[in-house]
Asks: 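Sharing a structure below in structure tokens format, with a few things to ask.
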Amino acid sequence: MICRRLAQHDFESDTLHVARMLLGKYLVIRHGTSTLSGCISETEAYCGEEDKACHASKGRTARTEVMYGPPGNWYVYMIYGMYHCLNVVTEPVNRPCAVLIRGVVDVKGLPQPLKTDGPGKVCKAFGINRSYNSTPAYGSQADMWVEDRGVEIHDNQVIKSPRIGVHYAGEYKDKPWRFLLSEHPA
DNA sequence: CTATTGATGGTC
DNA sequence: ACCATCAATAGG
């Protein structure tokens with residue numbers, strides 16, 4: 001069975017391409033001796049300063065700094081004071097883009113099943129917080145990474161839609177930059 | 001529809 | 001130092 005960790009260069013390409021590519025890949029996190037993993041089922045692309053829905057539309061700040069750095073680092077932020085959202089930085093240095101991981105299915109390693117159909121719930125189930133911000137999502141040293149387990153996702157399994165919760169984003173609010181599996185492969 | 005919750009960025 | 005807003009979620 002194929003089981004390859006993605007490499008940094010896998011995150012360097014166009015953000016829409018990465019968001020589509022991540023569907024069917026596996027998010028894996030190591031907590032000490034235990035490991036959690038699940039199949040990525042929903043993503044959204046956030047594409048640079050010109051994208052009014054992207055946090056980097058406000059320019060370079062302490063929060064967005066990681067997006068201006070090299071691709072393949074995690075971008076984790078807190079939203080509404082209660083939830084964390086997990087993103088991975090894409091595209092070359094100084095091009096502030098990221099993919100939000102909104103849904104993970106078929107999660108293995110939890111003591112009991114938890115709903116993971118939303119970005120806040122993904123982070124809660126996986127125990128993801130700000131301490132992961134700016135850490136690499138690739139390489140053998142990573143605590144949390146993405147694996148290709150050979151699951152092929154065809155275009156007829158992928159639904160594209162506008163992104164959630166970005167009504168304020170002007171001409172960018174209706175861009176079909178959300179990608180989700182119509183049925184998950186498990 | 002509302003309440004929750006605190007980080008964040010903009011303004012004073 | 002304030003203040004409005006927010007890439008969410010649960011509950012009516």
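Because the structure is a prediction, the values reported are computed rather than measured. Chain letters run A, B, ... following the sequence lines, proteins first and then strands; every chain starts at 1.
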Asks: Calculate the interatomic distance between A:Ile79 atom CD1 and B:dT8 atom P; express it in whole Å.
Replies: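 Going from CD1 in A:Ile79 over to P in B:dT8 covers 10 Å.
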
Asks: Measure the distance from CG on A:Asn129 to C1' on B:dG6 and round it to the nearest whole Å.
Replies: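 Whole-Å distance recorded here is 15 Å.
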
Asks: Say whether A:Met21 and A:Ile153 are linked into one hydrophobic cluster, either directly or through other cluster members, by side-chain heavy-atom distances under 4.5 angstrom.
Replies: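 No; tracing contacts between hydrophobic side chains, which count when under 4.5 Å, never links both residues.
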
Asks: Would A:Arg20 and A:Phe179 count as a cation-pi pair here, with the cationic atom under 6.0 angstrom from the ring centre and within 45° of the axis?
Replies: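 Checked: cation-pi criterion not met.
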
Asks: Once you round to the nearest 0.5 Å, how far does CG of A:Leu36 lie from CD1 of A:Ile29?
Replies: 7.0 Å

Asks: Side chain of A:Met67: nearest nucleotide among B:dG9, C:dA7, B:dT4?
Replies: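 Among the listed nucleotides, the one closest to the side chain of A:Met67 is C:dA7.
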
Asks: Counting only Watson-Crick or G-U wobble pairs whose two distances fall under 3.5 Å, which nucleotide matches B:dC1?
Replies: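 Pair assignment: B:dC1 / C:dG11.
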
Asks: Rounded off to whole Å, could you give me the NZ-to-P distance for the A:Lys58 and B:dG9 pair?
Replies: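 Spelled out: NZ on A:Lys58 to P on B:dG9 is 8 Å.
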
Asks: Round to a whole Å and report the spacing from CZ of A:Arg63 to C1' of B:dG10.
Replies: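 In whole Å, B:dG10 C1' lies 13 Å from A:Arg63 CZ.
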
Asks: For A:Arg163, answer base if it contacts any base atom (sugar-phosphate contacts may also be present), sugar-phosphate if it contacts only those atoms, and nothing otherwise; contact means non-hydrogen atoms under 4.0 Å.
Replies: nothing

Asks: Measure CE/A:Met78 against P/C:dT9 and give the value in whole Å, please.
Replies: 13 Å

Asks: Quick one: look up who B:dT8 pairs with, Watson-Crick or G-U, both distances under 3.5 Å, and put none if it's unpaired.
Replies: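 Checking every strand shown, B:dT8 finds its partner in C:dA4, with both distances under 3.5 Å.
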
Asks: Just N and O in the side chain of A:Arg102: are any of them under 4.0 Å from OP1 or OP2 of C:dA7?
Replies: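 Answer no for this pair, as no side-chain N or O of A:Arg102 is under 4.0 Å from OP1 or OP2.
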
Asks: Side chains of A:Asn87 and A:Arg102: donor-acceptor distance under 3.5 Å anywhere?
Replies: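 There is no such pair between these side chains.
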
Asks: Heavy atoms only, 4.0 Å cut-off, all strands: where does A:Ile164 land among base, sugar-phosphate and nothing?
Replies: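 Touches sugar-phosphate only.
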
Asks: May I ask you to evaluate whether A:Tyr83 reaches the phosphate of B:dG6, defined as a side-chain N or O under 4.0 Å from OP1 or OP2?
Replies: no

Asks: Determine if A:Tyr80 stacks with C:dA8; use a centre-to-centre distance below 5.5 Å and an interplanar angle below 30° as the criteria.
Replies: yes

Asks: Can the ring centroids of A:Tyr46 and A:His55 be said to lie less than 6.0 angstrom from one another?
Replies: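 Between A:Tyr46 and A:His55, the centre distance exceeds or equals 6.0 Å.
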
Asks: Without decimals, in angstroms, what is the distance between A:Glu42 CD and C:dA7 C1'?
Replies: 11 Å

Asks: Nearest to the side chain of A:Thr64 - B:dG9, B:dT4, C:dA7?
Replies: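 Of the candidates, B:dG9 comes closest.
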
Asks: Are any of A:Lys121's side-chain N or O atoms less than 4.0 Å away from OP1 or OP2 of C:dA10?
Replies: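 Looking at the OP1 and OP2 atoms of C:dA10, one of them is under 4.0 Å from a side-chain N or O of A:Lys121.
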
Asks: Grab the CG-C1' distance between A:Asp117 and C:dA8 for me, whole Å please.
Replies: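 In whole Å, C:dA8 C1' lies 12 Å from A:Asp117 CG.
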
Asks: Is there a donor and acceptor pair, one atom on the side chain of A:Tyr77 and one on the base of B:dA7, closer than 3.5 Å?
Replies: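 Looking at the base of B:dA7, it does not pair with any donor or acceptor on the side chain of A:Tyr77 (distance under 3.5 Å).
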
Asks: Report the distance from atom NZ of A:Lys173 to atom C1' of C:dC6, rounded to the nearest whole Å.
Replies: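 About 17 Å, once rounded to whole Å.
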
Asks: Verify the contact: side-chain N or O of A:His55 to OP1 or OP2 of B:dT8, cut-off strictly under 4.0 Å; return yes or no.
Replies: no

